[in-house]
Number of protein chains: 2
Amino acid sequence: METDLLTRLRDRSWRLSPQRRVVAEVLAGEHVHLSAEQVHARARERLPEISRATVYNTLNELVALGEVIEIAPTGGPRRYDPNAHAAHDHLVCDVCHAIRDVPRRGVPRPVVADEDLAGYRVTDVDVVFRGVCPDCAARP
Amino acid sequence: METDLLTRLRDRSWRLSPQRRVVAEVLAGEHVHLSAEQVHARARERLPEISRATVYNTLNELVALGEVIEIAPTGGPRRYDPNAHAAHDHLVCDVCHAIRDVPRRGVPRPVVADEDLAGYRVTDVDVVFRGVCPDCAARP
DNA sequence: TTCCATGCAAAGTGTTTGCAATAAT
DNA sequence: ATTATTGCAAACACTTTGCATGGAA
């Protein structure tokens, strides 16, 4: 079992204010890919006085810590994914922009041929499967 | 040889105003991944009165036509890639955000296992290799 | 005429920042 | 006492939109 976001943060002795804890709690779970605004809205339900700036600051810190992944969709705001420690890809609905995590099974990662590297050193590969989710397929 | 952007557009009988032609010309080439602002700046060198709005409108039309690909980096403005007809991946520098095209050689595309599809119908796969470009590796 | 593309400026999103007040060490 | 975090509002970066003008079909 994976340790969850909040546990990981405590283990890193990250100073845990009420605001930060609430942001971390809002992000916990599977297939969670909220925008900053959505995080703010949900955090407010638990802690009405939390500010937008603090949400943005906190999200940026979590990303810097490597505990949350930032996703930049083609349109719309950035999304935040707490599933930072299990390598996975994303399934994105082109219609409603829903996002699902896809585990990386044994499938080999794509690789760049040496002749195409142009001197780059590659540290990571992002894979996004784009398509249509079942809900959007159902109502055309 | 690939037909270039401008030729493809003429073939589609896209109404070609001076503004649109200049935008298309600015985008022509290999490894071109300009932001809207950069397109505007370069278009202005040839056609000083072209407006930002027209550049944005034109870019959006080209994307809608499928003649240009839109790239959303994690930070910074969207980038526009005229290489829409040869399937390719991207090599992105995490430091300076330079982008290079990587041809898809015989390597198989990643696939989603049926059990992970969750009802999605997948139409496309985007692969981004993230890392550090030679220039940024040289000056740390 | 009728329609569409353009320029301009304003408005709209989404995100960051400066700063004083507050809380933690 | 010192340092870090917060809230607020303003600034900022990027993109879209409304509308009057002008050119093309």
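Bear in mind that the values here come from a model prediction, so they are computed numbers and not experimental data. Below, chain A is the first sequence line, B the second, and so on; all start at residue 1.
The closest side-chain heavy-atom distance from E67(B) to R12(B) is below 4.5 Å. Side chains of W14(A) and L62(A) form a contact here, defined as non-hydrogen atoms less than 4.5 Å apart.
Regarding Q38(A), its CD atom lies at a distance of 14 Å from the C1' atom of dT13(C), rounded to whole Å. Taking atom CG on L62(B) and atom P on dT15(D), their separation rounds to 15 Å, with Å as the unit. The interatomic distance linking W14(A) (CH2) with dT25(C) (P) rounds to 14 Å, in whole Å. For L16(B) and dG23(D), the CG to C1' distance is 15 Å, given to the nearest whole Å. In this structure, the CD atom of E61(A) is 16 Å from the P atom of dT15(C), given to the nearest Å. A straight line from CD of E70(B) to C1' of dT16(D) spans 13 Å, rounded to a whole angstrom. What separates NE2 of H40(B) from C1' of dA13(D) is a distance of 16 Å, to the nearest Å. For the pair R79(B) CZ and dT15(D) P, the computed distance is 11 Å after rounding to whole Å.
Ranking dT6(C), dT15(D), dC8(D) by closeness to the S51(A) side chain, first place goes to dC8(D). Distances from the side chain of I50(B) to the nucleotides dG7(C), dC14(D), dG7(D) place dG7(C) closest. Among the nucleotides dG7(C), dT15(C), dC14(D), the one closest to the side chain of Y56(A) is dT15(C). Closest to the side chain of A53(A), out of dA9(D), dG7(C), dC4(C), is dA9(D). Candidate nucleotides dT15(D), dT6(C), dT15(C) were compared by shortest atom distance to the side chain of R78(A), and dT15(C) ranks first.
OP1 or OP2 of dT16(D) has at least one side-chain nitrogen or oxygen of N60(B) nearer than 4.0 Å. Of the side-chain N and O atoms in S17(B), one or more sit less than 4.0 angstrom from OP1 or OP2 of dT6(C). Distances shorter than 4.0 Å separate none of the side-chain N or O atoms of R52(A) from OP1 or OP2 on dT13(C). For T54(B) and dG7(C), the shortest distance from a side-chain N or O to OP1 or OP2 is below 4.0 Å. Dashed line: the shortest gap from a side-chain N or O of Q19(B) to OP1 or OP2 of dG7(C) is under 4.0 Å.
Without hydrogens or angle criteria, R79(A) side chain to I71(A) main chain gives no donor-acceptor distance under 3.5 Å.
Within a 6.0 Å radius of CZ in R109(A), other residues, nucleotides and ligands contribute more than 12 heavy atoms.
Tracing side-chain contacts under 4.5 Å through hydrophobic residues (I, L, V, M, F, W, Y), one never reaches V102(B) starting from I69(B); they form parts of separate clusters.
E49(A) comes within 4.0 angstrom of the backbone, heavy atoms only, and of no base.
The residue among N57(A) and R44(B) whose nearest nucleotide of DNA chain C is located toward the 5' end is R44(B).
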